[in-house]
Amino acid sequence: MATTQSTRQPPPPIFDQLAHLPDPFARQPEPVPSHLPAAARTVHEDDFWHALRFLASYEGSTATFNAYRRELERLLQWSWLVQEKSIRELRREDIEQFIRFCQDPPRAWIGTKNCARYRGPEGERKAHPDWRPFVVTVSKVQTRAGKTADPGSYASSQASIKSLFAILSSFFNFLIQEEAVTSNPVALIRQKSKFLVSGQRREVRRLSNLQWDFVLETAELMAAEDPDHHERTLFVMQCLYAMYLRISELVADERHVPTMSDFHRDSDNNWWFEVVGKGNKARSVSVSNAMLAALKRYRLHLGLTPLPVPGERTPLVPALGGRRPVTSTRHIRAMVQNCFDQAVERMRLEGLADESYELQAATVHWLRHTGISEDVKVRPVDHVRDDAGHASSLTTDRYIDAERRERHASARNKPMKTDS
DNA sequence: AGATACCAGATCCCCTTCAC
DNA sequence: GTGAAGGGGATCTGGTATCT
């Protein structure tokens with residue numbers, strides 16, 4: 001049985017055995033023929049070509065492509081090495097075994113760090129020796145505390161299993177279209193799934209009002225102390241909170257280069273900010289007076305007129321001392337994290353240990369959540385929905401529900417009588 | 001040596017569809 | 001008309017290669 005052997009050793013990089021075929025891990029996949037080539041002589045090649053063409057249909061979105069590619073390699077590795085079957089022979093029981101395998105993979109299949117799938121000179125595909133199909137991670141807070149990755153502590157999350165189901169199901173539906181299989185073994189186990197906990201609703205992850213006050217004040221202090229670096233930090237924090245921006249909406253990429261003239265005034269003298277967001281969808285965000293003041297402050301610091309003029313090409317978030325825009329979300333994240341870190345320190349000094357500890361887990365996206373969930377308290381839901389760029393009020397409503405829970409929690413233990 | 005671009009995997013968000 | 005499942009696509013985080 002292959003299992004014993006494969007639990008002790010890392011799985012061989014299967015795709016390397018098929019080196020004569022196109023690289024499924026190339027960023028720009030080669031054009032894939034629409035039918036199976038006669039060259040697919042072996043079972044492995046046959047599986048491989050199906051997987052490759054499935055992946056090719058997701059070329060347009062890097063994130064999705066990467067996620068699907070990862071799960072497909074796991075499936076092929078397991079199918080060939082452990083189950084010793086073609087993917088076309090997999091039945092419901094096999095898929096269940098595969099899910100369990102992914103929930104608790106053998107030690108040898110778990111890596112402790114992300115690394116390139118391949119290395120070596122261009123054109124020479126050589127598996128990276130440290131690469132593994134699964135990787136154990138350590139949270140930001142734990143990393144700070146000096147914790148290192150331990151393969152023994154690998155645990156797949158509910159979210160991972162859920163997306164694994166989705167991807168496998170898509171793949172087998174694709175195989176049905178290709179007439180490679182006749183049924184979808186994944187769909188058969190969906191119903192009475194023992195693998196997923198249903199009805200789990202996550203809390204909205206946001207800053208408390210106290211935390212946000214500290215963070216904003218910290219940004220202001222940083223800006224006062226080191227304007228050259230941190231006027232920009234302050235401006236970014238304010239954009240993320242007051243306009244509910246996603247991190248990607250602040251940086252220049254191939255789909256959009258945000259500039260100052262994305263702020264514009266309409267015939268009623270109201271200011272709007274034009275955003276190109278998730279899924280290439282454009283929207284306008286209403287600009288509050290406080291946000292407008294923040295914009296003026298930052299522009300004065302940059303030596304610009306207080307308000308942008310139409311056609312102005314200045315980047316919304318310029319690189320320090322340069323005319324070029326910031327192009328990396330990592331850069332923005334570093335700015336925000338730096339501000340969070342200093343706010344944590346200030347809270348700790350003021351004796352707010354618990355609140356400061358929670359703030360350590362905060363991420364950039366929390367600022368968007370915080371802005372939305374504060375504003376649904378006082379603004380009509382449709383307005384917040386449109387400014388946030390939600391397609392449906394159902395999404396925005398989640399933030400209202402969160403507020404209700406919070407409200408109830410604060411009321412739950414209030415006494416009936418005042419005893420003093 | 002530091003900045004930065006890019007890569008990989010885990011996790012989260014949120015739109016669409018479907019069941020009731 | 002709700003609520004949840006399904007699915008696509010984003011963010012979050014750390015690692016590495018490359019540039020300056």
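Throughout, protein chains are lettered first and strands after them, A, B, ... in sequence-line order, and every chain is numbered starting at 1.
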May I ask you to verify if any side-chain N or O of [X] is less than 4.0 angstrom from the OP1 or OP2 atom of [N]?
| X | N | value |
| --- | --- | --- |
| A:Arg206 | B:dC13 | no |
| A:Tyr68 | C:dG7 | no |
| A:Thr363 | C:dC12 | yes |
| A:His390 | B:dC14 | yes |
| A:Thr329 | C:dC12 | no |
| A:His365 | B:dT11 | no |

Given [options], which nucleotide is nearest the side-chain atoms of [X]?
| X | options | value |
| --- | --- | --- |
| A:Arg69 | B:dA8, C:dC12, C:dG7 | B:dA8 |
| A:Arg330 | B:dT11, C:dG7, C:dG15 | C:dG15 |
| A:Ser170 | B:dA10, C:dG7, C:dG14 | C:dG7 |
| A:Ala166 | C:dC12, B:dC13, C:dG7 | C:dG7 |
| A:Ser169 | C:dT11, C:dG7, B:dG9 | C:dG7 |

Task: Closest-nucleotide 5' rank along DNA chain B - winner of A:Phe134 and A:His331 - done: A:His331

- [ ] Give a yes or no on whether a salt bridge exists between A:Arg283 and A:Glu274, defined as a side-chain N under 4.0 angstrom from a carboxylate O.
- [x]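 Salt bridge absent between A:Arg283 and A:Glu274.
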
- [ ] Could you give me the CA-CA distance, side-chain angles and deciding distance for A:Tyr244 and A:Leu367, then say whether side chain to side chain contact (heavy atoms under 4.5 Å, CB included) is met?
- [x] CA-CA 7 Å; A:Tyr244 327 138; A:Leu367 294 177; over 6 Å; no

Task: A:Tyr241 ring center within less than 6.0 Å of A:Trp212 ring center - done: yes

- [ ] Classify the angle between the aromatic ring planes of A:His301 and A:Tyr298 as parallel (below 30°), tilted (30 to 60°) or perpendicular (above 60°).
- [x]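 Parallel.
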
Task: Plane angle bin for A:Phe263 and A:Phe273 - parallel if under 30°, tilted between 30 and 60°, otherwise perpendicular - done: tilted

Nearest whole Å is fine: how far is [N] [atom2] from [X] [atom1]?
| X | N | atom1 | atom2 | result |
| --- | --- | --- | --- | --- |
| A:Leu367 | B:dC13 | CG | P | 13 Å |
| A:Glu249 | C:dT11 | CD | P | 8 Å |
| A:Phe174 | C:dG7 | CZ | C1' | 16 Å |
| A:Glu71 | B:dA10 | CD | P | 7 Å |
| A:Gln360 | C:dC12 | CD | C1' | 17 Å |
| A:Ile167 | B:dA10 | CD1 | P | 11 Å |
| A:Arg74 | B:dA8 | CZ | P | 14 Å |
| A:Phe165 | C:dA4 | CZ | C1' | 16 Å |

TODO: Assess whether side chain to side chain contact (heavy atoms under 4.5 Å, CB included) is satisfied between A:Trp271 and A:Met291, documenting all intermediate values.
DONE: CA-CA 10 Å; A:Trp271 282 86; A:Met291 187 59 229; over 6 Å; no

TODO: Give A:Arg368 one of three labels, base, sugar-phosphate or nothing, depending on what nucleic acid heavy atoms sit under 4.0 Å from its own.
DONE: sugar-phosphate

